There are 2 protein chains.
Amino acid sequence: MFLAESCAHKQQSGVCPDCPVRARAICSALAPAELEQFASIMQTVTLAEGEALFNEGETGDYLYNLTSGAVKIYKLLPDGRRQMTGFLFPGDFIGFAVSDTYVYSAETLSEVTVCRFPRTKLERMLESYPHLHRRLFTLASRELATAQDQMLLLGRKSAKEKVASFLLSLRERAIQRGEDGNPLYVPMSRSDIADYLGLTTETVSRTVTQLKTSGAIRLLEGHRFQIKDVGELQLLAEGA
Amino acid sequence: MFLAESCAHKQQSGVCPDCPVRARAICSALAPAELEQFASIMQTVTLAEGEALFNEGETGDYLYNLTSGAVKIYKLLPDGRRQMTGFLFPGDFIGFAVSDTYVYSAETLSEVTVCRFPRTKLERMLESYPHLHRRLFTLASRELATAQDQMLLLGRKSAKEKVASFLLSLRERAIQRGEDGNPLYVPMSRSDIADYLGLTTETVSRTVTQLKTSGAIRLLEGHRFQIKDVGELQLLAEGA
DNA sequence: CAAAGGTTTTGATGCAGATCATGGTTTGCC
DNA sequence: GGCAAACCATGATCTGCATCAAAACCTTTG
């Protein structure tokens with residue numbers, strides 16, 4: 001059991017354009033014949049901007065792997081207050097359910113394509129490939145670490161620090177996906193960002209204007225941010 | 001491969017008093033002979049209140065399983081602001097490192113005993129028991145779900161909602177460990193609670209007083225809270 | 001291209017919780 | 001017993017961000 005010949009991967013996450021199962025996390029650990037097995041239970045689905053993949057509380061029938069576009073996941077309070085818990089990009093998994101229902105809602109930020117796996121079938125199949133759980137564990141641990149960073153941000157950072165940290169972490173992830181991250185594509189609205197950072201749209205807007213005025217960033221056409229001074233942002237992100 | 005005869009578990013987490021390896025998450029999936037293997041690389045360590053298990057940034061040489069007492073884990077900003085990312089109780093694992101260094105600090109809240117596993121040895125051994133990764137994945141997924149709840153709390157709840165939610169979740173976990181959860185043992189200081197909830201000690205103190213005055217709770221001797229009205233707290237926790 | 005509806009920006013005002021300050025209580029230590 | 005060091009509670013004041021309001025801008029559609 002080692003890397004499939006058909007597809008020499010350097011990363012454990014991301015999108016693999018060649019394999020029938022597009023997720024590096026899975027396909028880099030399987031032989032071509034095994035891959036076919038997984039591909040056989042999977043469907044490729046395309047969704048328009050603003051569509052829901054699923055809502056919190058629904059039975060978690062499917063697990064998704066995002067292959068293009070971006071997705072937001074969030075939780076709601078009964079009175080409608082919303083907290084984004086993450087933004088997902090190509091290569092990310094969506095909808096691993098601890099219980100039998102989804103614990104958050106997921107909605108597209110752009111047109112997206114996903115690989116959709118029926119949960120029970122997938123879990124049954126995973127039984128036969130126990131080493132894949134190691135990959136999944138690694139992915140979950142990594143997500144947990146970023147969740148902890150986000151707690152630090154939400155609990156202890158100022159508005160300016162939050163926005164600076166947000167832009168830097170988006171950039172970081174873009175770079176990890178192999179993009180150059182500058183200009184940075186920011187597909188989410190002010191209100192999405194606000195709900196991610198525990199702020200209001202007004203405060204996000206004001207803070208972005210401040211960063212623009214101070215010369216750290218510049219807004220370009222089509223949801224793109226040019227980061228003019230990374231060092232400046234890094235200072236702002238941790239309090240300067 | 002099924003449950004070890006020596007030890008019939010109902011839960012996937014918690015402390016197993018009978019097994020050499022005290023963690024249910026591990027021992028419930030292993031045969032007695034396999035258990036011995038794990039026990040052979042493990043040390044049982046006792047720590048006094050206020051001692052550090054490790055600090056953020058240090059090389060992650062050990063993984064711990066808590067068998068008695070309580071532990072706090074937290075992250076710091078350069079200027080000393082602190083965010084608690086979790087409180088850990090018997091049965092919980094501490095120190096799974098994504099990178100080769102710890103991504104948070106861990107410190108005891110009381111006298112604790114832990115099982116200490118050298119990380120590289122443990123990882124080498126886990127290679128031979130791939131099905132254990134499934135357990136670990138489940139544990140990590142569960143932690144991720146509580147991290148998301150905590151993000152909702154930090155980003156979108158008021159001080160009163162935060163404190164009420166905190167008490168309820170402590171109670172919940174005490175019950176899951178088999179305690180009755182009322183009166184509730186709260187081993188952490190006001191300042192620890194504040195740093196967990198993204199508040200100041202003063203605000204925590206005032207809010208607790210409010211809950212006391214409104215009759216929802218009562219303070220007892222020895223860090224114990226009597227919860228007089230669970231329903232009231234549940235209403236407060238989500239905004240009422 | 002005008003009307004309509006959404007999103008972003010900007011300004012004025014308000015307030016929840018931070019900050020600052022003080023005293024009380026408990027704990028440990030010489 | 002006395003003194004320092006934590007911890008907790010509570011009052012007075014301040015402030016960063018929320019809220020409220022409205023204008024500017026952008027997108028869609030008839």
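All chains are named by letter (A, B, ...) in the order of the sequence lines, taking the proteins before the strands, and each is independently numbered beginning at 1. All figures in this text were calculated on a predicted structure; none of them were measured in a lab.
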Salt bridge between [X] and [Y], side-chain N to carboxylate O under 4.0 Å?
X: B/Lys72; Y: B/Asp195; value: no
X: B/Arg81; Y: A/Glu161; value: yes
X: A/Asp61; Y: A/Arg119; value: no
X: B/Asp192; Y: B/Arg82; value: yes

Within the 3.5 Å criterion, strictly below it, is a donor on [X] or [Y] matched to an acceptor on the partner's side chain?
X: B/Thr113; Y: B/Ser68; answer: yes
X: B/Thr200; Y: B/Thr203; answer: yes
X: A/Ser165; Y: A/Lys157; answer: yes

Note to self: Using the ring centroid of each side chain, check whether B/Tyr64 and B/Phe117 are separated by less than 6.0 Å.
What the structure shows: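 So the answer is no for these two rings.
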Next item on the list: For residues A/Tyr74 and A/Tyr104, establish whether the separation of their ring centroids is below 6.0 Å.
Entry: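 Distance test on ring centres: not under 6.0 Å, no.
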Next item on the list: Would you work out how much the helix from C/dC1-D/dG30 to C/dC30-D/dG1 bends between its ends, with each end axis defined by five base pairs, to 10 degrees?
Entry: 40°
Check: For B/Gly50, which contact category applies under a 4.0 Å heavy-atom criterion: base, sugar-phosphate, or nothing?
Finding: nothing
Next item on the list: Please state whether the rings of A/Tyr185 and A/His223 are parallel, tilted or perpendicular, taking 30° and 60° as the class boundaries.
Entry: perpendicular
Notebook entry, point to check: Checking A/Glu238 side chain against A/Leu235 main chain: does a donor-acceptor pair fall under 3.5 Å?
Noted result: no
Separation of atom [atom1] in [X] from atom [atom2] in [N], rounded to whole Å:
X: B/Leu197; N: C/dA16; atom1: CG; atom2: P; result: 19 Å
X: B/Lys157; N: C/dA16; atom1: NZ; atom2: C1'; result: 17 Å
X: A/Leu199; N: C/dT8; atom1: CG; atom2: C1'; result: 16 Å

Item checked: Non-hydrogen side-chain atoms of A/Leu47 and A/Glu111 separated by less than 4.5 Å -> no
Hey, what are the protein-to-nucleotides 24-29 of chain C N/O distances that come in under 3.5 Å?
none

Check: What distance separates A/Asn182 CG from A/Phe225 CZ, expressed to the nearest 0.5 Å?
Finding: 12.0 Å
Notebook entry, point to check: What closest approach, in Å, do A/Ala174 and A/Gly181 show between heavy atoms, and which atom pair accounts for it?
Noted result: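 Distance-wise, the nearest heavy atoms are CB-CA, 4.0 Å.
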Next item on the list: Kindly state which residues belonging to residues 70-81 of chain B come within less than 4.0 angstrom of DNA chain D, counting heavy atoms of the residue only, listed by number.
Entry: none
N/O-N/O pairs, protein side and nucleotides 7-14 of chain D side, under 3.5 Å:
{"from": "D/dC8", "atom 1": "OP2", "to": "B/Arg190", "atom 2": "N", "distance (Å)": "2.9"}
{"from": "D/dA9", "atom 1": "OP2", "to": "B/Arg190", "atom 2": "NE", "distance (Å)": "2.9"}
{"from": "D/dA9", "atom 1": "OP2", "to": "B/Ser205", "atom 2": "OG", "distance (Å)": "3.1"}
{"from": "D/dA9", "atom 1": "O5'", "to": "B/Ser205", "atom 2": "OG", "distance (Å)": "3.4"}
{"from": "D/dT10", "atom 1": "OP2", "to": "B/Thr209", "atom 2": "OG1", "distance (Å)": "2.9"}
{"from": "D/dG11", "atom 1": "N7", "to": "B/Arg206", "atom 2": "NH1", "distance (Å)": "2.9"}
{"from": "D/dG11", "atom 1": "O6", "to": "B/Arg206", "atom 2": "NH2", "distance (Å)": "3.2"}
{"from": "D/dA12", "atom 1": "N6", "to": "B/Arg206", "atom 2": "NH2", "distance (Å)": "3.4"}

Between protein and nucleic acid, restricted to nucleotides 25-28 of chain D and to nitrogen or oxygen atoms under 3.5 Å apart, what atom pairs and distances do you find?
none

Checklist line | salt bridge (charged side-chain N to carboxylate O under 4.0 Å, His left out) contacts in which one or both residues fall within residues 89-105 of chain A, not counting sequence neighbours | finding: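 Checked against salt bridge (charged side-chain N to carboxylate O under 4.0 Å, His left out) - neighbours excluded - the pairs reaching residues 89-105 of chain A are A/Asp92-A/Arg173.
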Next item on the list: Report yes if at least one side-chain N or O of B/Thr200 is closer than 4.0 Å to OP1 or OP2 of C/dG17; otherwise report no.
Entry: no
